[in-house]
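Values below: every heavy atom of this structure, side chains too, minus hydrogens, waters and symmetry copies. Bear in mind that the values here come from a model prediction, so they are computed numbers and not experimental data.
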Amino acid sequence: MTVKAKRKNPILRTRQATLPPIARSRVALGMTAGAAVGTLELQVCDACGAVQYPATEICRQCLGDQLTWRRQNGAGELISETLSHASQELYYRERSPWRLGMVKLEAGPTVMTHVEASCPAAPTLVRVSAALDRAGQATLIASPREVAPDLGSDPRLREMTCDPKGRKILVTDGKSQTGQAVVRALSVAGAELIWVGNAEPWKNPPGFAGLKDLPQVTFVPLDVTDSRSVMELAGKIGGKVDIVINTADHHRTFGIAGRAGVENAQSEMDVNYLGLLRLAQAFGPALRGRAADGRDNAVAWVNLLSIFALSSFPPQGTYSASHAAALSLAQCLRADMRPAGIRVINVFSGPVDDEWAQLMLPPKVAPSALANAVVGALKGAVEDVYADPIARDWHARWRDDPKTLERELMVATPSSAG
């Protein structure tokens, strides 16, 4: 059952959001990089194969300095546990007691973890996963071995998620197929209220009118290319929004020489980049101000981005450039929101199966699958999601060798994008 936030007393001073300790050494950020995409990664020595924790710059076993971050399955045994009632850190002290445990991993090292409430008492078999805490840093969670982690059901670990259940959410564009799919998925996930942006009231695309049948939906005027429209809406609902999901997108399939003039490129930039900037300037302060509103505080900002943001797809070069700019701005927004504990989630996808990608051959991601990825990201404890096989493959190739991927894309055609 969702507990609604209490009404504020306007006379009392607003509480500041508290965060877990944020300081990490540069080498330790390797675990955070894995947790950001939902994986547990530990250092492995290239010389002797030893797996080690915590992270250091040399191998504890052979003193080698060639250490590689590699994905681990997290299987282990909870060998001891305790209930911590006191902490030097304000964040943990305000939320005590915390269930903590020592887990002996099958891979070798022993790690200290948070222990999920559903875990049996030690000793018991568990699986350790890495999650992002409210400060955006990696933390370890022990869950029952054969059960998927469910942080949302644990009162203390719930803050590591941005579960849409019981939340008030703004979806910036409900006219697109993706926007409609996101609204429907949020409704199924139990959102309390969904404001749906409507930039052009005179248009009625297929499926849009059906959103009116959803009890949580309220249509609001919002044109991300109009600063006044964005500011007016922020003035009306900014103090109530828990989650912003930016689904606004302008997509045209042109490269540099595909069409004379810059009008289409300007429109793509105006929606995909400047639209995000307008939203961030208008709604960002309101979300930061609601970061300490108890259980129903503001929690997340979600951007839907094309995987073309990582490396340009020449047949859609101007569109790629607009999303590359949006990705850079999203990283800036993440830094801006971090002190308040607001998570900025980027959901990357390959070509979406909509009217602007109809000439591209499969594989393409269905809008409903992309919407489910958005909800899954909010229920999890991640900040970067690659929603479909093309996005995951593109990201892996980009991480491995960006220059090779760039060269491969130079000879790609629209029909060979996958």
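For the atom pair CG of Asp388 and CD1 of Ile307, the computed distance is 8.0 Å after rounding to the nearest 0.5 Å.
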Could you tabulate the donor-acceptor pairs under 3.5 Å formed by side-chain atoms of residues 115-123, not counting sequence neighbours?
from   : atom 1 : to     : atom 2 : distance (Å)
Glu116 : OE1    : Ser143 : OG     : 2.7
Glu116 : OE2    : Ser118 : OG     : 3.2
Glu116 : OE2    : Asp150 : N      : 3.4

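In this structure, Ser368 has no side-chain hydrogen bond (donor to acceptor under 3.5 Å, both in side chains) partners at least two apart in sequence or on a different chain. With sequence neighbours left out, Thr318 forms a side-chain hydrogen bond (donor to acceptor under 3.5 Å, both in side chains) with Glu268. Ser229 is linked by a side-chain hydrogen bond (donor to acceptor under 3.5 Å, both in side chains) to nothing, counting only residues two or more places apart in sequence or in another chain. A search for side-chain hydrogen bond (donor to acceptor under 3.5 Å, both in side chains) contacts involving Tyr91 returns Glu159, not counting sequence neighbours. The side-chain contact (heavy atoms from CB on, under 4.5 Å) test applied to Asp384 returns Val37, Arg334, Asn346, Phe348, Tyr386, not counting sequence neighbours.
Side-chain contact of Thr68 with Gln43: a donor-acceptor pair under 3.5 Å is absent, judged by distance alone. Side chain to side chain, Asp223 and Thr225 meet the donor-acceptor criterion of an N or O pair below 3.5 Å. A donor and an acceptor atom, one from each side chain of Gln52 and Thr56, are located under 3.5 Å apart. If you check the side chains of Asn246 and Thr172, you find a donor sitting under 3.5 Å from an acceptor.
Note on residues 231-250: pairs passing salt bridge (Lys or Arg N to Asp or Glu O under 4.0 Å), not counting sequence neighbours, are Arg228-Glu232, Asp242-Arg290. Screening residues 71-85 for side-chain hydrogen bond (donor to acceptor under 3.5 Å, both in side chains) gives Glu81-Arg99 as the qualifying pairs, with residues at least two apart or on separate chains. Listed by first and then second residue, the ring-ring contact (aromatic ring centres under 6.0 Å, His included) pairs that reach into residues 314-335 are His251-Tyr319, Tyr319-His323, sequence neighbours excluded. Counting only residues at least two apart or on different chains, the ring-ring contact (aromatic ring centres under 6.0 Å, His included) pairs with a member in residues 110-161 are Trp98-His114. Among pairs with a residue in residues 39-56, those fulfilling salt bridge (Lys or Arg N to Asp or Glu O under 4.0 Å) read Asp46-Arg70, at least two apart in sequence or across chains. Counting only residues at least two apart or in different chains, side-chain hydrogen bond (donor to acceptor under 3.5 Å, both in side chains) contacts with residues 119-130 are absent.
Heavy-atom neighbours of Ile256 CD1 from other residues, nucleotides or ligands within 6.0 Å: at or below the threshold of 12. The 12-atom threshold is not exceeded at CD of Gln61, counting heavy atoms of other residues, nucleotides or ligands nearer than 6.0 Å.
What you find for Val103 and Ala142 is that their closest heavy atoms are CG2-CB, 4.1 Å.
Two residues are said to be in side-chain contact when any heavy atoms from C-beta on lie closer than 4.5 Å; Leu276 and Trp301 meet this criterion.
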